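This report concerns only the one structure given below.
Quantities reported herein were computed from a predicted structural model and do not represent experimental measurements. Atoms considered below: every heavy atom in the structure, side chains included; atoms not considered: hydrogens, waters and symmetry mates.
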Amino acid sequence: MRRKRFQRGSLRQRKHGRVRVWVAQWWENGSRRSKVLGKCAQVTQSEAEITLAGILRPINEGTVPMATVVLTFGQFIEQVYLPHCRRSWKRSTDQTSVPVIARYLTPALGNRILTSITRTEMQDLLEAKAPVLCRSVVGHLRWYLNAIFKLALSDSMVGHNPAAELRIPKHCKPGRYMRSLTEDEVIKYLYALDLQERLMARLAIFEGLRPGELLALHWGSFDNEAIRVSERLYQGKFDTPKNGKAREVSMSDGTIELMGTWRSIVRSTSPEAFLFPSENPASPLDMGNLWPRAFRPRLEKIGLEWATFQVLRKTNATLSKKAGVDPKVSADQRGHGLGVSMEVYTMSDRQQKREAANQLESMVTQKRKLSA
């Protein structure tokens, strides 16, 4: 008779309709079983793990623990984590994530047995990196550690996730401050550029397009008032937009007018022709060449060469908020989630903050006058 083995089961987040839930899976009487343990918003991972352990306890009574594969941190990354992530990662994500992991995590933890790594030493590692890395990079390291151990836990290679409660250190290296353009600077920026570059800048500032999305546009992407963004160009390769979703972007009147001028002078406006073709009409422009040759020299003359396309995207978010545009509509234009849009890209300028302070003061003083 075959001897039963000890099991730890698996715990994963799944989406049921619009709600994310914890789903437990295990083996019982030779069959795969699963159960929803609760909504992720209401049940913590630790609580779900305790519930799963309670389900497995009577099943595991009288069994022997399973022999688990012993891997080092580095082996797990190369043999399990990266192959799993590359099933869904875009090429750009792979090219940015792998070097960060290899440079900052593998040297410190690569030779350690996965199960021997503690939360304390990973927190110490983040603390050690904080003086030399900005908060954004340290935050990514924390995210990678958590993702690595979550996958190891789901494969029953560790008994718990020691990276689940890691904290970003308070004092990280100050990052590069990147403000958005003001309204006056936007006007100066646009009029400093030639027609082609001005249209590209407008599509970034007013319509919220990413540079890779701009370069991948065909004339067939447009109707009279909107753009269908379904591709992006990254290092010469075509792919879906950054979040993997196509979207419709509405154009401002000024952009539509400038688009008409551009249409009248380009070599081809057939549906398959690129909006911004290179000397070879069958291929789009290369931003790596275009920025230093066409953008930077003209922007340096007015002191705005620091305003890259990332700044233009932040400008779109910030000025949209200032203009009173609905946050969800603004985020949809850029292809953002609402949280990322508000927390990362949208900034409040000094005028808005002063108006907010005066508005609060006015409310308080008005109540005081009424009660006097």
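- The side-chain contact (heavy atoms from CB on, under 4.5 Å) search around Val186 returns Leu181, Leu190, Ile205, Phe206, Thr315, Leu319, not counting sequence neighbours.
- For residues 127-149, there are no ring pair (Phe, Tyr, Trp, His ring centres under 6.0 Å) pairs, not counting sequence neighbours.
- Looking only at atom types and distance, the side chain of Arg202 has a donor-acceptor partner in the side chain of Ser252 under 3.5 Å away.
- Within the model, atoms CD of Glu231 and OG1 of Thr240 stand 9.0 Å from one another, a figure rounded to the nearest 0.5 Å.
- A heavy-atom distance below 4.5 Å is found between the side chains of Leu275 and Met259.
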Criterion side-chain contact (heavy atoms from CB on, under 4.5 Å) on Trp22 and Glu47, from CA distance to verdict: CA-CA 10 Å; Trp22 292 110; Glu47 290 170 341; over 6 Å; no

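- Within the model, atoms CE of Met122 and CD of Glu165 stand 11.5 Å from one another, a figure rounded to the nearest 0.5 Å.
- Looking at every heavy atom in both residues, Ala317 comes nearest to Ser330 through CA-OG, 4.5 Å.
- At least one side-chain heavy atom of Leu290 sits less than 4.5 Å from a side-chain heavy atom of Glu197.
- Taking CG from Leu125 and CZ from Arg142, the interatomic distance works out to 13.5 Å, rounded to the nearest 0.5 Å.
- No side-chain N or O of Thr308 forms a donor-acceptor pair with one of Gln310 less than 3.5 Å apart.
- Looking at every heavy atom in both residues, Pro281 comes nearest to Phe274 through O-CD1, 3.9 Å.
- Two residues are said to be in side-chain contact when any heavy atoms from C-beta on lie closer than 4.5 Å; Arg119 and Leu166 meet this criterion.
- Here Thr96 pairs with nothing under the side chain to side chain donor-acceptor pair (under 3.5 Å) rule; sequence neighbours left out.
- Judged purely by distance below 3.5 Å, without hydrogens or angles, the side chains of Ser46 and Thr44 never pair a donor atom with an acceptor atom.
- Using a 4.5 Å cut-off on side-chain heavy atoms (C-beta onward), Glu257 and Asp253 make no contact.
- Here the side chains of Val138 and Pro169 are in contact, with some heavy-atom distance below 4.5 Å.
- In this structure the side chain of Asp194 reaches within 4.5 angstrom of the side chain of Arg298, judged on heavy atoms.
- The CZ atom of Phe295 sits 13.5 Å away from atom CD of Glu300, with the distance rounded to the nearest 0.5 Å.
- Heavy-atom minimum distance, Lys15 versus Gly17: CG-O, 3.4 Å.
- Heavy atoms only, all atoms of each residue included: Ala201 and Leu193 are closest at CB-CD1, 3.8 Å.
- In plain terms, the two heavy atoms of Arg263 and Thr269 that are nearest each other are CG-CG2, 3.5 Å.
- Smallest separation of non-hydrogen atoms from Gln333 and Arg247: O-NE, 2.8 Å.
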Worked verdict on Ile265 versus Thr261 for side-chain contact (heavy atoms from CB on, under 4.5 Å): CA-CA 7 Å; Ile265 65 173; Thr261 304; 5.6 Å; no

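- One hydrophobic cluster, built from ILVMFWY side chains closer than 4.5 Å, cannot hold both Leu11 and Trp27; they sit in different ones.
- In this structure, Trp219 and Phe222 have tilted ring planes: the angle between them lies in the 30° to 60° band.
- Side-chain contact between Glu213 and Leu203 is absent, with no heavy-atom pair separated by less than 4.5 Å.
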Do Thr118 and Thr120 pass the side-chain hydrogen bond (donor to acceptor under 3.5 Å, both in side chains) test, and can you show the C-alpha distance, the side-chain angles, and the key distance before you say yes or no? CA-CA 5 Å; Thr118 67; Thr120 299; 4.7 Å; no

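- Ring geometry for Phe276 against Trp262 counts as tilted: the plane angle lies between 30° and 60°, on a 0 to 90° scale.
- Atom-to-atom distance recorded for Arg112:CZ and Glu121:CD is 4.0 Å, nearest 0.5 angstrom.
- Side-chain contact of Ser34 with Arg32: a donor-acceptor pair under 3.5 Å is absent, judged by distance alone.
- Salt bridge status for Asp184 with Lys188: absent, with no side-chain N to carboxylate O gap under 4.0 Å.
- Looking at heavy atoms from C-beta onward, Pro271 lies out of side-chain contact with His218 at the 4.5 angstrom threshold.
- For the atom pair CG of Leu209 and CG of Asn316, the computed distance is 9.5 Å after rounding to the nearest 0.5 Å.
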